[in-house]
Amino acid sequence: MKQGFFYITIFLISSFMNAQISANDVALQNKIEKLIEQLTIEEKVALCSGRDDWSTMPIERLDIPWIWLSDGPHGIRRAPATNKPGYGDQLPATCFPTASALAASWDIDLVYKVGQTLGEECQALDVNVLLGPGVNIKRSVLGGRNFEYFSEDPILSGEMGAAFINGVQSQGVGTSLKHFAANNVETMRMYNNSNVDTRTLNEIYLKPFEIAVKKAQPWTVMASYNRVQGEYGTQNSYLLTEKLKNEWGFKGIVISDWFAIVDRVKAMKAGMHIEMPKVSAVNNAIVVDAIKNGILDIAVVDGLVKEILTIVFKAKSLEKEGIQLNIEKDHAFARKVAAEVATLLKNDNEVLPITKEKYKKVAIIGEFAVNPRYQGNGSSQVKPTQLDKALDIIKNEYGKDIKITYAQGYNLADDNDISLIEEAKKIAANADVALIFSGLPLQYESEGIDRTHINMPASHNKLINEISTVQKNTVVVLTNGSAVTMPWLKNVSGVLETWLGGQAGAGGITDVLFGKVNPSGKLAETFPMRLEDTPAFFNFPGEQGDVLYGERFFVGYRYYDERKIEPLFPFGYGLSYTNFEYSNLKVSSKNTTDKEGLTVSLTVKNIGKVKGKEVVQLYVSDQESTLQRPEKELKKFVKIELNPGEEKTVSFKLESNDFSYFDSKRNRWIAESGDYVISVGASSRDIRVSEKINLQSTQLVPLAFDEYTFFLEYWNNKQTRKILLEYMPNWIRGIVTEGDEAEIREYQGFMVEHPLIKYPYITSGEITHEQVLEIVEKCKNLTYTP
Ligand code: BGC
């Protein structure tokens, strides 16, 4: 009885709140409609441009406020004022691990919480929209901005992006999902054309945006600098209208990347709302003229203004007064995050974790231990509230029980300086274990510049090799935002990839090295043996303004799988101080349909001695497909925590889109009938359990036959064969229906492999061009089940 009352009360409260929200919405929309009536053309156009570097345009006459947009993404780069660039003089804020690190956690809840904290900090710093996250795919290991992106995989990138957005926006602060779209190269980024086929674009490059928009509705999307299929991101109606708005149901506004506008009138027609930052009055005058001359319909502008004002008023209504940065709390959380993302790549003979029982003397080598590298170069640079150093933290927290020595090892100011190696060797030889902090210096990874190689500085590589000759317990602690080669790998006992761990990275690394936290990071990108093995090797960074996506959807592990290339470390890989056993894979049915989908469950058990977290990854492989498909594709993942001996059942629900490919001819996703293998494992190359199922499609899709479809295809389809026979002259009909086998084969071998449009010529006019068009017309609305 009591419980019933409780539910009724909740129901009434939530109905009341929903009614309130929609009443508020209606009131807001009415207010906006009225404002639109009062705004002049010039004011409307002004609203579609920034006021200055970081704010939108206010119209004081009508009490239309402005809002503050700020970089982003892994911390707030708040300039001292909206009209100041904010490089070097930005306000301090917590610097979290960058996106490549966050993705290595594969932890949706954690990334949500990072977003939540960033949202709180935005409120404290008066920021209404945080410019991030970036969900572009890491197409090449050379991408200069890889540190700012999540993954080579669209599902992982999209899920991370959605979690981040939901976290930030839970605090009444908006986000800007960027850089839309196919912005995968920094070289000539203001002009380069991403020459990518439509199927690949949809399956790989748009997918993370689609997931993030559908699951999180970012307040804004940032249109990218580059061109996609020949048209600039800011004026690409396929991207901004057809995909983003019509297909995915985006409700927010599109802003341009900074100075990304080329033709603002065209951009506005394509669905771009705000040009950022303010460029010049000339740009507004061009748009006003276009409206007055009937080139740009005022209704289009009104539509954009309406959506801009919806976001502006929403942002203002959600501002919170009196919020302060909680520096200590956020720093402590940033340390926790840094520990969660650390990825253990090698741990021979359990060289890690370090305990006082195992080691009495620890040598810390490498300038990064005192001068940490913790974020990337470019617009995402945060001024941290404080910055931890590994040497200090290790000494403070473990120096009482363990003797700690330090040597610089290399010189960050000079990559080729190897004069510091000898001293480092001495302390390494005198210790029980050597920790070498090394990786990529700041200038190696930057927005605006791609890498030309994936090597670490020569001095770092030499240092590691030399230390390994005097110390068998050598552990390399890597700091880098993207993949590197490891020519010394076989000589060292341990490798801990710590990414760009943010201002508290040193603490997080210490927690993992000393066993307070069991590492659970997994690679969100493949580490190749060498640059020559990478998918975009021949087509990066493009030439003469064109980047050919020649590897198509064989990006990351999809490529290594297909080419049977052994990577240095595969996608999804990462070790733990414990081990997990996978068993008992069950599928809800071995014969299913795309409508029903599939539930997959399995048991994962911690069979080691310490508590740990495991990322369980589910891949789907299409066994027989009309179109080429990757060997397998990640579709689901979950991170779980298990005590020693504990086991948990993990289950996943697969739906039609988890089996689908994008058919660009038919402009739709197709889940084809046939066999699929569902495999679950601890990495893309460590599949533990799998099961084959059969899927029957219930889709009805257009045949999409036209005058260029081959005779053979018309012939092989029962529906179109009937129509074809009505038109074929007797001699062809005779051959294909009655002719002897040899004749048919001969005929089929040659004649049928022509598109229908050639039949007037082949039959010397016995079939006319008009008849061909009639056949096409009759077949136009036919459908089939794939
Ligand atoms: C970058 C964006 C950034 C913007 C504002 C651009 O150059 O591509 O990611 O948000 O500048 O700083």
Side-chain angles (χ1 to χ4, degrees), residues 49-56 67-91 93 95 98-100 118 122 125 127-138 143-150 157 161 164-165 168 173-192 194 208-209 212 218-228 232-234 252-262 272-279 375-383 445-450 481 541:
S49 174
R51 175 178 66 164
D52 49 24
D53 289 11
W54 306 111
S55 64
T56 60
I67 56 171
W68 196 314
L69 321 171
S70 182
D71 281 315
H74 55 268
I76 294 112
R77 185 168 70 86
R78 224 300 301 264
T82 57
N83 61 357
K84 296 258 164 61
Y87 284 98
D89 59 354
Q90 64 267 57
L91 268 51
C95 178
T98 71
S100 56
L118 290 169
C122 283
L125 297 172
V127 167
N128 302 94
V129 172
L130 182 67
L131 300 174
V135 295
N136 296 97
I137 291 292
K138 299 181 204 215
R145 236 173 155 174
N146 279 7
F147 68 87
E148 226 180 306
Y149 296 136
F150 293 113
S157 301
F164 185 100
I165 294 166
V168 176
V173 171
T175 52
S176 197
L177 180 65
K178 63 191 190 182
H179 305 88
F180 192 56
N183 183 206
N184 312 102
V185 56
E186 294 302 292
T187 311
M188 291 180 81
R189 68 173 164 154
M190 305 290 172
Y191 176 64
N192 249 335
S194 298
F209 289 95
W219 293 7
T220 83
V221 163
M222 189 188 288
S224 61
Y225 291 123
N226 54 292
R227 290 171 295 148
V228 183
Y232 279 103
T234 49
I253 59 172
V254 178
I255 62 175
S256 74
D257 198 344
W258 269 232
F259 302 100
I261 290 284
V262 180
M272 231 259 349
H273 296 77
I274 303 186
E275 167 193 50
M276 281 306 291
K278 175 171 178 157
V279 177
Q375 62 176 330
N377 212 6
S379 63
S380 67
Q381 266 195 0
V382 179
K383 184 185 220 168
E445 292 172 288
S446 176
E447 176 181 337
I449 309 167
D450 291 304

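Whatever order the structure lists them in is the order used to number ligands and atoms, beginning at 1.
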Less than 4.5 Å apart, any side-chain heavy atom of [X] and any of [Y]?
{"X": "Tyr87", "Y": "Ser379", "result": "yes"}
{"X": "Trp219", "Y": "Leu69", "result": "no"}
{"X": "Met272", "Y": "Ser256", "result": "yes"}
{"X": "Met222", "Y": "Trp258", "result": "yes"}

Look at ligand 1 and say whether [X] reaches it with a heavy atom at a distance under 4.0 Å.
{"X": "Arg145", "value": "yes"}
{"X": "Met276", "value": "no"}
{"X": "Glu148", "value": "no"}
{"X": "Tyr225", "value": "yes"}

State which residues pass ring-ring contact (aromatic ring centres under 6.0 Å, His included) with Trp68; sequence neighbours excluded, sorted by chain then number.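 If we apply the ring-ring contact (aromatic ring centres under 6.0 Å, His included) test to Trp68, skipping adjacent residues, there are no hits.
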Within the 4.0 Å heavy-atom shell around [X], which atoms of ligand 1 are there?
{"X": "Arg77", "answer": "12 (O)"}
{"X": "Trp54", "answer": "5 (C), 12 (O)"}
{"X": "Glu447", "answer": "1 (C), 6 (C), 7 (O), 8 (O)"}
{"X": "Met222", "answer": "10 (O)"}
{"X": "Lys178", "answer": "2 (C), 3 (C), 9 (O), 10 (O)"}
{"X": "Arg189", "answer": "7 (O), 8 (O)"}

Check: Ala181 main-chain N/O paired with Ser224 side-chain donor or acceptor under 3.5 Å: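 Yes; at least one donor-acceptor contact below 3.5 Å.
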Exam field: side chain Asn226 to backbone Ala182, donor-acceptor pair closer than 3.5 Å: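 Checking the backbone N and O of Ala182 against the side chain of Asn226, a donor-acceptor pair under 3.5 Å is found.
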List the residues meeting salt bridge (charged side-chain N to carboxylate O under 4.0 Å, His left out) with Arg77, not counting sequence neighbours, and say none if there are none.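 Result, salt bridge (charged side-chain N to carboxylate O under 4.0 Å, His left out) vs Arg77: Asp71.
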Nearest neighbour in protein (non-hydrogen) for atom 6 (C) of ligand 1: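 Looking at atom 6 (C) of ligand 1, the protein heavy atom closest to it is Asp257 OD1, 2.9 Å.
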Only one of Arg145, Glu148, Arg189 passes side-chain hydrogen bond (donor to acceptor under 3.5 Å, both in side chains) with His179; say which it is.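 It is Arg145, the one option of Arg145, Glu148, Arg189 that forms the side-chain hydrogen bond (donor to acceptor under 3.5 Å, both in side chains) with His179.
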Does Phe259 approach ligand 1 within less than 4.0 angstrom via side chain, backbone, both or neither, non-hydrogen atoms only?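 Under 4.0 Å from ligand 1, Phe259 contributes no heavy atoms.
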So, regarding His179 and ligand 1 (criterion: nitrogen or oxygen to nitrogen or oxygen, under 3.5 Å), is there a contact or not?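 Between His179 and ligand 1, an N or O pair is found under 3.5 Å apart.
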Identity of the nearest option to atom 10 (O) of ligand 1, non-hydrogen atoms only, from Leu69, Asp71, Leu131: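 Minimum heavy-atom distance to atom 10 (O) of ligand 1 goes to Asp71.
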